[in-house]
2 protein chains.
Amino acid sequence: MTTVGFIGLGIMGGPMAANLVKAGFDVIGYNRSQPAVDKLVGQGGKAAGSVADAVRDADVVITMLPDSPDVEHVALGDDGVLANAKPGLLYIDCSTIKPDTARTVAEQAAKQDVRVLDAPVSGGEQGAIDGALSIMVGGDAEAFDAARDVFDAVGKTVVHVGKAGSGQTVKAANQLIVAGTLELVAESIVFLEAHGVDTDAALSVLGGGLAGSTILERKGPGMLKRQFNPGFRTELHHKDLGIVQAAAREAGVTLPLGAAVSQLVAALVARGDGALDHSALLKLAEELSGRR
Amino acid sequence: MTTVGFIGLGIMGGPMAANLVKAGFDVIGYNRSQPAVDKLVGQGGKAAGSVADAVRDADVVITMLPDSPDVEHVALGDDGVLANAKPGLLYIDCSTIKPDTARTVAEQAAKQDVRVLDAPVSGGEQGAIDGALSIMVGGDAEAFDAARDVFDAVGKTVVHVGKAGSGQTVKAANQLIVAGTLELVAESIVFLEAHGVDTDAALSVLGGGLAGSTILERKGPGMLKRQFNPGFRTELHHKDLGIVQAAAREAGVTLPLGAAVSQLVAALVARGDGALDHSALLKLAEELSGRR
């Protein structure tokens with residue numbers, strides 16, 4: 001039986017670990033705060049008291065952590081994943097972090113017998129609960145094949161997109177498109193309301209044409225009702241757009257619309273709305289038109 | 001039998017008129033150049049030698065013209081639609097024009113016994129040929145109900161969105177979202193290529209998540225292959241974004257991302273690519289990153 005060490009049992013990691021238990025994996029979980037570990041045990045998993053405990057006997061280790069420094073610390077730290085890995089370990093990082101951090105981890109792992117995949121996910125808490133995440137995977141094709149059963153337990157659309165770091169690069173593009181589309185829908189709603197249009201009808205006809213998007217479908221109705229409970233917190237999207245900007249600069253790429261929407265997301269965080277769902281870009285759009 | 005006068009038998013108007021013939025309407029068509037009229041006659045329609053000829057005996061008149069001044073001229077001119085309308089005429093303008101021009105036409109028509117709908121469409125040449133257009137309709141609900149059979153012959157998603165001018169307002173929002181989404185996808189492709197990612201795989205996984213859109217699905221593959229044959233010409237989208245900006249200014253609405261993408265579309269036209277499909281925003285994005 002394959003033993004999976006799972007580190008980071010938060011909003012996304014918790015349900016992913018539970019789905020691995022359901023799929024028959026022997027899951028041993030670690031989290032900084034204990035309640036998430038207890039919950040996993042209640043779902044049929046095992047408790048680890050430290051990162052080392054979660055890693056020591058694992059065939060596969062998954063990390064799902066907030067940001068690049070967390071992954072550096074947990075993966076490369078003194079008593080971290082690589083320090084405790086048994087030979088042949090498959091290490092999958094599902095966090096959303098900088099592509100160059102992902103490459104650094106892969107390079108360090110290559111010095112010992114550990115295979116690494118960067119595998120950030122999209123689909124939110126509901127996607128994690130349903131085991132229906134989109135997963136964009138960077139790393140060796142052989143490691144990707146070896147991880148297939150694990151990915152199938154947590155994801156629906158799982159695609160190998162290139163060498164180490166590529167998963168993070170695609171996730172960065174994902175976050176660029178998502179933020180931009182949210183802002184376009186937000187600006188459109190303010191525009192339509194200012195003109196006294198029936199916005200429910202308008203959003204349905206917009207969704208049926210070339211302007212249609214998953215954002216319009218999933219987020220539009222909540223935006224019309226001003227429901228901004230997350231979902232995905234604006235402050236996390238702000239962090240991700242920092243990754244986008246840094247990765248673009250590194251590759252010598254300019255992102256005119258990406259830069260503009262990054263500033264708008266930054267403004268939404270600056271005005272104190274970082275804890276709201278990212279669709280709260282509508283609040284800022286209203287304010288910029290004197291409509292709240 | 002309902003007689004439909006159809007004025008403007010171009011890329012969109014031609015197939016729409018043909019679908020009305022197929023649906024059993026008695027269609028009499030006018031176009032500035034004769035070949036389009038001859039084509040309609042070959043498809044079972046009748047030829048009009050002037051706007052007046054097309055309007056005189058019609059129960060329904062449809063115009064499908066390039067821009068606001070064309071509609072003003074044809075609708076309100078000395079020998080135009082209103083001047084030749086028989087009492088009770090239903091006049092449907094399917095052109096994409098300024099919302100305030102649409103309101104002016106409706107106000108003029110209200111002075112005589114003519115009902116007007118502004119009914120711009122989305123879906124492109126293929127949508128027109130397939131009779132599968134999205135149609136956003138402004139005007140009185142009673143006129144909308146009276147036009148139902150006509151709309152069903154040319155469209156699939158037909159929605160009444162509000163009073164006179166509202167159809168144009170929603171079409172403006174449509175063009176804002178479409179231009180912005182094209183630019184976001186263009187920037188993402190440049191970003192992914194610069195990082196050496198497998199872009200075919202990347203676009204498929206992006207399409208499966210929250211970044212998914214009709215643009216990504218229909219335009220993404222052609223953009224990867226640099227196929228920029230129209231489709232929808234950039235210079236027409238440039239015109240439409242002028243309408244968006246003017247209508248936003250009129251309502252006191254700011255569109256930060258809309259303004260930015262309007263400038264990029266303007267730059268694409270300025271560099272001489274106005275005749276290419278609007279997905280050619282990718283050419284500009286590459287140039288801005290020194291990648292062509």
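Note on naming: letters A, B, ... go to the chains in the order of the sequence lines (proteins, then strands), and numbering restarts at 1 for each one.
By number of non-hydrogen pairs under 4.5 angstrom with chain A, the leading residue of B:V161, B:D200, B:L133 is B:V161. Residue with the most contacts toward chain A among B:V261, B:V121, B:N174: B:N174 (heavy-atom pairs, distance under 4.5 Å). Heavy-atom pairs under 4.5 Å with chain A were tallied for B:E217, B:R218, B:E183; the largest tally goes to B:E183. Contact count against chain A (heavy-atom pairs under 4.5 Å) is highest for B:G180 among B:A194, B:G180, B:A285. Between chain B and the residues A:L264, A:T254, A:D198, A:T157, the most heavy-atom pairs under 4.5 angstrom are made by A:T254. With chain B as partner, the option from A:I189, A:V178, A:L288, A:L255 having the largest number of non-hydrogen pairs under 4.5 angstrom is A:L255. If you tally non-hydrogen atom pairs under 4.5 Å between each of A:G162, A:G165, A:S213, A:A260 and chain B, the highest count goes to A:S213.
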Practice task
Evaluate the criterion side-chain contact (heavy atoms from CB on, under 4.5 Å) for residue pair A:F191 and B:L176; output intermediate values, then yes/no.
Solution key: CA-CA 10 Å; A:F191 175 82; B:L176 164 66; 5.6 Å; no
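Within 6.0 Å of the CZ atom in A:R249, the count of heavy atoms belonging to other residues, nucleotides or ligands does not exceed 12. Sparse packing is recorded around NZ of B:K98, with 12 or fewer heavy atoms of other residues, nucleotides or ligands lying under 6.0 Å away. Open room surrounds CD1 on A:I11; 12 or fewer heavy atoms of other groups in view lie less than 6.0 Å from it.
Residues satisfying the side-chain contact (heavy atoms from CB on, under 4.5 Å) criterion with A:S95, sequence neighbours excluded, are A:T63, A:L65, A:V71, A:D93, A:I97.
With a 4.5 angstrom heavy-atom cutoff, B:S122 touches chain A only via side-chain atoms.
Under the 4.5 Å side-chain criterion, counting only non-hydrogen atoms from C-beta, A:P256 is not in contact with B:Q263.
Looking only at distances, a side-chain donor or acceptor of B:E187 sits under 3.5 Å from a matching main-chain atom of A:L257. A:H195 contributes a side-chain N or O that, together with a main-chain N or O of B:A247, makes up a donor-acceptor pair within less than 3.5 Å. Side-chain atoms of A:T214 come within 3.5 Å of backbone N or O of B:G212 as a donor-acceptor pair.
The interface of residues 202-211 of chain A with chain B, defined by heavy-atom distances below 4.5 Å, comprises A:A202, A:S204, A:V205, A:L206, A:G208, A:G209, A:L210, A:A211.
Across all non-hydrogen atoms, the minimal contact from B:K163 to A:G196 is NZ-O, 4.3 Å.
Between A:L184 atom CG and B:L184 atom CG the span is 6.0 Å, to the nearest 0.5 Å. A:I215 contributes atom CD1, which lies 11.0 Å from atom CD1 of B:I177 (distance to the nearest 0.5 angstrom). We find the OG-CD distance between B:S188 and A:Q175 to be 11.0 Å, quoted to the nearest 0.5 Å.
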